[in-house]
Amino acid sequence: MASVGPSAASTQPALPSGPAVFKTIPYAFILPEIVCGTWVWILVAATSVSLPLLQGWVMYVSLTSCLISLLLLLSYLLGFHRNSENWKVLDSLYHGTTAILYMSAAVLQANATINSEFGINAPLNYQLNCAASFFAFLTTFLYILHAFSIYYQ
């Protein structure tokens, strides 16, 4: 016997496009991710990089993630997704992977902060590195929230 209720496809929430992106919970995290990620690479770039291998990875992850998130936000604003379910999978995979990469970058930035406590221009570099570590962990948390909220949606 056929069911009369709504099909499974119609119960799935529609992907937002346009300004509705900023009002929908998983997608509203994209703009704070971009802003906090931008602060990470600005703050790291403002320091005198004493550990280029560690902070180079932080710069790479933050800048790349910021640019890809900006492209993802623009694609949602302009409606390139055309309400396809593949975009949810892409969004979840991207934010999950980026959360893992950002966690590694945040830990390396915290290590660079500890190592910059005693050195040339120590007070200024230490404060900038502390702020960069804070924003790196905050951005990691935002990416984790986004990945889980899109996964459980």
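Here the structure is a predicted model, which means the values were calculated and not measured.
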>> Applying ring pair (Phe, Tyr, Trp, His ring centres under 6.0 Å), can you list everything that pairs with His146, at least two apart in sequence or on another chain?
In response: His95
> So do Leu90 and Asn86 actually touch side chain to side chain, heavy atoms under 4.5 Å?
Replying inline: no
>> If you define the side chain from C-beta out and look only at heavy atoms, does anything of Leu71 sit under 4.5 Å from Leu67?
In response: no
>> Could you check whether any side-chain heavy atom of Trp39 comes within less than 4.5 Å of a side-chain heavy atom of Leu138, counting everything from C-beta outward?
In response: no
> Of all residues at least two apart in sequence or in a different chain, which pass the ring pair (Phe, Tyr, Trp, His ring centres under 6.0 Å) check with Trp57?
Replying inline: Tyr60
> Can you tell me if Ser92 uses its side chain to pair, donor with acceptor, with the backbone of Lys88 under 3.5 Å?
Replying inline: no
> Hey, does the side chain of Thr47 reach the backbone of Asn125 with a donor-acceptor pair shorter than 3.5 angstrom?
Replying inline: no
> Where the side chain of Thr113 meets the backbone of Asn129, is there a donor-acceptor pair that is under 3.5 Å apart?
Replying inline: yes
>> Other residues, nucleotides and ligands only: do more than 12 of their heavy atoms fall within 6.0 Å of CZ on Phe141?
In response: no
>> Could you tell me if the side chain of Phe135 sits less than 4.5 Å from the side chain of Ser62, heavy atoms only?
In response: no
> Distance from Thr139 atom OG1 to Phe134 atom CZ, nearest 0.5 Å?
Replying inline: 9.0 Å
> If you look at every heavy atom in Tyr143 and Ser69, which pair is closest and at what distance?
Replying inline: OH-OG, 2.8 Å
> So how far is it from Ile114 CD1 to Ser133 OG, rounded to the nearest 0.5 Å?
Replying inline: 8.0 Å
> Shared ILVMFWY cluster between Val107 and Met59, side chains joined below 4.5 angstrom?
Replying inline: no
> From Ile68 CD1 over to Ser75 OG, what is the distance, rounded to the nearest 0.5 angstrom?
Replying inline: 11.5 Å
>> How close do Ala132 and Val44 get, counting heavy atoms only, and between which atoms?
In response: CB-CG2, 3.8 Å
> When rounded to the nearest 0.5 angstrom, what distance separates CD1 in Ile30 from CG in Leu142?
Replying inline: 11.5 Å
> For Thr140 and Ala136, which heavy atoms make the closest approach, and how far apart are they?
Replying inline: OG1-O, 2.8 Å
>> Hydrogens and angles aside, do Ser65 and Thr98 bring a side-chain donor and acceptor to less than 3.5 Å of each other?
In response: no
>> Nearest 0.5 Å, please: how far is CD1 in Ile144 from CE in Met103?
In response: 4.5 Å
> Between Gly37 and Tyr102, what is the shortest heavy-atom contact and its length?
Replying inline: CA-OH, 3.3 Å
